[in-house]
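To start, the structure under review is shown below, and the notes come after it.
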Protein chains: 2
Amino acid sequence: MPDAIPAFKRHSPDQSRNGEILAEMPAYDLIELLFFAYRDFVSDPDRILGEYGFGRAHHRVLHFVSRQPGLTIAELLDILRITKQSLNRVLKELIEKGFIESRTGTADRRQRLLFATPQGHDLALKLAKLQTRRIMRALADAEPAAKEAVSRYLLCLIDPDDREHVKRLVFGPGKT
Amino acid sequence: MPDAIPAFKRHSPDQSRNGEILAEMPAYDLIELLFFAYRDFVSDPDRILGEYGFGRAHHRVLHFVSRQPGLTIAELLDILRITKQSLNRVLKELIEKGFIESRTGTADRRQRLLFATPQGHDLALKLAKLQTRRIMRALADAEPAAKEAVSRYLLCLIDPDDREHVKRLVFGPGKT
DNA sequence: TGAGATATGTCAACAAGGCTGACATAAAAT
DNA sequence: ATTTTATGTCAGCCTTGTTGACATATCTCA
């Protein structure tokens, strides 16, 4: 089949002829790939978590506390987008089992500042490395620019209002 | 701070000095970006699903049935990685409410072939377009090569044994 | 043809991890 | 002094996953 008339060629596959709206063809490939990738990505830690009597909810909490020492309850709730009751159930267990420590805030004594214990950091690191292995394998075959492209893409999937917040959280408060 | 001695510069950030293994620094950025991206991505359909009395589990089933008319129960179970009991609960509701139809297989009459009804296709498409909007927004700013890079990355995050299966499913049985 | 394997359906019970609503306390803010 | 804020907790419910047991129809193969 011959190519389209050059003048009508478009980069974006959805607005073929001169930007006419074509009822936007769904991006099935990216929708489904994200599903499958996430499905396998989050399942890696399951076995190890199970050994401690933890689940994926515990993992998420431990991860962000380990990454952000001194995180408050409110900040954690905002990251996870769950209710404080849901959070408290798993957080309580993580504290009881000695993976997370809760200290009273110094500036504001109403707040609870959360810290991973050494044991907590160990587990968090172990799980992060497990997931990193999968990421590195995926990045191994890719061009060097791929990581940047992927990061930018994932970042832009996030709700615009939250993007700056996530940027600070992920890349550190210092970096642009 | 001056650059490292050129001979010791490496592309891969993890094996700094001459490929020595540095206990692999976790890829926190990609780990967390995937979490946040997925968190927001899957939450888009929630409101609409709620109007029909459906949840995310219903969405996943409807999506894949709509995409793969004639899908069998076994194939669906393999995609979703849940038990038949879990599947049946939501599938039953989708059938009762007229979004999916189950026909007896012709070649093998033990099988059930699943099809979305017109109503089912409508809903699936509506939700896919919603998620596509988010994807297009993320792709809009990116270079044209980004989509390819992202697709390849997500595909390689998937378990290697499943990758060919997913490829066929996502890109169609014909394409390479 | 008859035995066994396979694809599916179903019942019951339970677990993880979400949710809402109500209420309590301590500390900060006004 | 009052109100607001940050957190904790109780109780109950929902969704969506799990296991185990068992039933049925159909296919496969000796």
Side-chain angles (χ1 to χ4, degrees), chain A residues 35 38-39 42-43 45-65 70-97 100-115, chain B residues 35 38-39 42-43 45-65 70-97 100-115:
Chain A
F35 165 76
Y38 194 80
R39 179 196 69 175
V42 297
S43 76
D46 283 348
R47 230 206 52 235
I48 296 172
L49 288 166
E51 293 171 9
Y52 295 86
F54 292 149
R56 292 178 184 181
H58 300 86
H59 182 198
R60 290 191 287 272
V61 170
L62 179 60
H63 174 94
F64 285 108
V65 170
L71 202 63
T72 67
I73 300 287
E75 287 165 340
L76 193 44
L77 288 176
D78 188 53
I79 288 171
L80 300 175
R81 297 276 174 82
I82 59 177
T83 59
K84 63 178 175 177
Q85 294 92 329
S86 292
L87 171 57
N88 236 287
R89 181 166 35 209
V90 294
L91 183 55
K92 214 188 295 183
E93 293 171 349
L94 284 163
I95 292 173
E96 278 167 7
K97 296 194 184 174
I100 286 182
E101 195 186 335
S102 169
R103 303 184 202 151
T104 297
T106 48
D108 185 336
R109 294 178 45 81
R110 286 172 303 182
Q111 295 182 324
R112 297 290 172 269
L113 309 186
L114 303 172
F115 297 87
Chain B
F35 165 76
Y38 195 81
R39 178 196 71 176
V42 297
S43 76
D46 283 349
R47 230 207 50 237
I48 295 172
L49 287 166
E51 292 171 10
Y52 294 87
F54 292 147
R56 293 177 183 181
H58 300 85
H59 182 199
R60 289 191 288 271
V61 170
L62 179 61
H63 174 93
F64 285 108
V65 170
L71 202 62
T72 67
I73 301 288
E75 287 165 341
L76 193 44
L77 288 176
D78 188 53
I79 288 171
L80 300 174
R81 298 275 175 84
I82 60 176
T83 59
K84 63 177 174 178
Q85 294 91 329
S86 292
L87 171 56
N88 233 284
R89 184 165 32 209
V90 294
L91 182 55
K92 215 188 295 183
E93 293 171 349
L94 284 162
I95 292 173
E96 279 167 7
K97 296 194 184 174
I100 287 181
E101 194 186 335
S102 169
R103 303 183 202 152
T104 297
T106 48
D108 186 337
R109 293 177 47 80
R110 288 172 302 181
Q111 293 183 326
R112 297 291 171 268
L113 308 186
L114 304 172
F115 297 87

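A, B, ... follow the sequence lines: proteins, then strands. Residue 1 opens every chain.
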Looking only at side-chain N and O atoms, does Ser86(B) come under 4.0 Å of OP1 or OP2 in dT18(D)?
yes
Between Arg112(B) and dT8(C), is there a side-chain N or O to OP1/OP2 distance below 4.0 Å?
no
Rounded interatomic separation in angstrom, taking NZ from Lys84(B) and C1' from dG20(D)
10 Å
Yes or no on side chain to side chain contact (heavy atoms under 4.5 Å, CB included) for Thr72(B) and Leu113(B), after CA distance, side-chain angles and deciding distance?
CA-CA 5 Å; Thr72(B) 67; Leu113(B) 308 186; 3.7 Å; yes
Parallel, tilted or perpendicular: which fits the ring planes of His59(A) and His63(A), with parallel below 30° and perpendicular above 60°?
perpendicular
First encountered from the 5' end of DNA chain C, between Leu91(B) and Ala107(A):
Leu91(B)
Please give, in whole Å, the distance from dT7(D) P to Asp78(A) CG?
12 Å
From CG of Leu80(A) across to P of dG17(C) the rounded distance in Å is 12 Å
Strictly below 4.0 Å: does Asn88(B) bring a side-chain N or O up to OP1 or OP2 of dT10(C)?
yes
Nearest-Å distance for atom pair NE2/P, residues His59(B) and dT16(D):
12 Å
Nucleotide dT25(C), atom P - distance to CG of Asp108(A) in whole Å
19 Å
If you count heavy atoms of other groups shown closer than 6.0 angstrom to CZ of Arg109(B), is the number above 12?
no
Whole Å only: how far is the CD1 atom of Ile82(A) from the P atom of dG17(C)?
10 Å
Give a yes or no on whether a donor-acceptor pair under 3.5 Å exists between the nucleobase atoms of dT6(C), that is its base, and the side chain of Arg110(B).
yes
Any His58(A) side-chain N or O less than 4.0 Å from OP1/OP2 of dG17(C):
yes
For the base of dG9(C), is there a side-chain donor-acceptor partner from Lys92(B) under 3.5 Å away?
no
If you go through the side-chain atoms of Gln85(A), does one of them form a donor-acceptor pair with the base of dG12(D) closer than 3.5 Å?
no
DNA chain C: Arg109(A) or Leu87(A), which has the more 5' nearest nucleotide?
Leu87(A)
Establish, with yes or no, whether the OP1 or OP2 oxygen of dC14(D) is under 4.0 angstrom from a side-chain nitrogen or oxygen of Arg89(B).
no
Could you check whether Arg56(B) gets within reach of a base, just the sugar-phosphate, or nothing at all, counting any heavy atom under 4.0 Å?
sugar-phosphate
Can you tell me which residue pairs pass the side chain to side chain donor-acceptor pair (under 3.5 Å) test with a partner in residues 88-97 of chain A, sequence neighbours excluded?
His58(A)-Glu93(A)
Phosphate OP1/OP2 of dG17(D) contacted by Thr83(B) side-chain N/O (<4.0 Å):
no
Would Gln111(A) and Thr104(A) satisfy side chain to side chain contact (heavy atoms under 4.5 Å, CB included), going step by step from the backbone distance to the final call?
CA-CA 6 Å; Gln111(A) 295 182 324; Thr104(A) 297; over 6 Å; no
